[in-house]
Amino acid sequence: MTNSPDTLVKEAETSFSDANSLSSLEDAKAKFLGKRGSLTSLLKGLGGLDPDERRKRGAQINLVKQEIEALLERRRKELVQQELSNRLAAEAIDVTLPGRGYGVGGIHPVVKAWQRVESIFRSIGFDVADGPEIENDWTNFTALNNPENHPARSMQDTFYIDMKDEKGLPLLLRTHTSPMQVRYARMHKPPIKVIAPGKTYRVDSDATHSPMFHQVEGLWIGTDISFADLKGVYTHFLREFFETSNLVVRFRPSFFPFTEPSAEIDMMFTEGPNKGNWLEISGAGQVHPTVIRNFGLDPELHIGFAFGSGLERLAMLRYGVTDLRTFFEGDLRFLKQFNK
Ligand code: PHE
């Protein structure tokens, strides 16, 4: 770098345009205008000159200084502009992309089935109750005549929770909605007519079983409620649910610890695409005397029936779904079909 005023402007121009960022421009500025910059040392040299020469030279240096400052300012503006457009490019938003939108939600097919079940049972005088999914093992098993270490417990393997409730009872994810029989009956005086739909859990997973699924429990307790009432109520329910009277029901002997006698309810369409196949739809039975006692009632006086049906099974049959897992995959192409 020379110290001649004439070449100084050219040098500054090159140096400024070589600076590609505001911070390197500051470095370049220091070389010319800084305390130890070329221009400053030129000014310092003025002291040794005689007055005439000093004035001439001083004016010349000032001119050079103004030119350099103007160059600096121009480059600074350029760089600010450049940095701004770089940032705009980097943070650009593609306004042509479709928005996320606020689509109208729909009702899940299992919930649709659930709502149908509720409205049918309400129409024949049943209350609808709701209860905890994290249940204690007394209410889920013991109160339902399913004693500790009884092999029938293994029919319903579940997820245990590493915690006890306030009474010190082990907690688990309820394996069925039947504990709601106990909860409801201990809080209400007979006659009791209730359904309790909700989520249930088991260690089970294949095309027809999901670790989380839904059931609806039914309970009718009075002084003279018989198996005939169960048949009447359940057959009425199915005919309403499927909106057809071309449907027959059969009760097959079965076993549940909490009912005696126990039955499996099967149904068959006598018309339509599914006609001619017996389909298992529900467990049911007359409530066991021990369970009536655990309700806090006298089995000599109170009698009734209970049933527990799978909501997925009802939804599959009503909507023609063949794989249970599709209910829980959240695939909109599947789900949208139920909300047209
Ligand atoms: N809780 C039984 C099950 O989940 C079904 C059932 C309910 C059977 C009520 C009888 C009475 O398999």
Side-chain angles (χ1 to χ4, degrees), residues 110 114 117 121 126 128-129 131-133 135-147 150-159 172-185 192-205 208-222 225-235 237-238 249-267 279-295 299 302-314 324:
V110 172
W114 176 336
V117 170
F121 278 99
F126 278 72
V128 177
E133 289 166 31
E135 188 53 278
N136 60 62
D137 84 335
W138 185 81
T139 318
N140 192 82
F141 289 124
T142 319
L144 292 164
N145 197 29
N146 216 321
H150 192 284
R153 281 200 183 195
S154 64
M155 284 164 72
Q156 300 186 353
D157 196 7
T158 189
F159 301 96
L172 45 82
L173 296 184
R174 65 178 181 185
T175 56
H176 49 178
T177 43
S178 302
M180 279 308 293
Q181 292 183 32
V182 182
R183 286 184 177 272
Y184 191 92
I192 287 164
K193 264 177 104 175
V194 66
I195 61 160
K199 290 191 171 64
T200 48
Y201 303 83
R202 283 186 209 174
V203 182
D204 245 349
S205 188
T208 52
H209 296 91
S210 148
M212 186 283 296
F213 58 104
H214 299 78
Q215 283 191 338
V216 55
E217 195 75 11
L219 179 69
W220 188 353
I221 300 290
I225 307 304
S226 74
F227 226 88
D229 296 300
L230 168 62
K231 285 189 160 184
V233 164
Y234 210 87
T235 307
F237 158 67
L238 287 177
V249 180
R250 108 184 148 185
F251 286 70
R252 214 164 12 95
S254 184
F255 169 78
F256 298 101
F258 34 93
T259 45
E260 183 58 39
S262 302
E264 217 67 66
I265 306 179
D266 299 337
M267 59 167 263
L279 305 158
E280 194 178 304
I281 200 87
S282 185
Q286 185 170 312
V287 181
H288 194 287
T290 302
V291 178
I292 298 274
R293 229 171 269 121
N294 289 333
F295 289 169
H302 290 110
I303 189 164
F305 67 76
F307 62 81
S309 319
L311 279 176
E312 280 79 7
R313 175 57 74 88
L314 287 165
L324 176 115

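Quick note: residue numbers are just sequence positions, from 1. Hydrogens, waters and symmetry mates play no part in the numbers below; they use all other heavy atoms, side chains included. Read the numbers this way: they start at 1 and go in the same order the structure lists the ligands and their atoms.
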- Interatomic distance, CZ@R202 vs CG@L173, rounded to 0.5 Å, equals 12.5 Å
- Item | Test salt bridge (charged side-chain N to carboxylate O under 4.0 Å, His left out) applied to R313 - qualifying residues, sequence neighbours left out | none
- Query: Is a side-chain donor or acceptor of E133 paired with a backbone partner of R174 at a separation under 3.5 angstrom?
  - Reply: no
- Amino acids contacting ligand 1, non-hydrogen cut-off under 4.0 Å: Q156, H176, S178, Q181, R202, Q215, E217, F256, F258, T259, G283, A284, A306, F307, G308
- Query: CE/M267 to CG/L238 distance, rounded to the nearest 0.5 angstrom?
  - Reply: 6.0 Å
- dist E217:CD -> I195:CD1 (nearest 0.5 Å) comes out at 10.5 Å
- Separation of I221 CD1 from I303 CD1 (nearest 0.5 Å): 8.5 Å
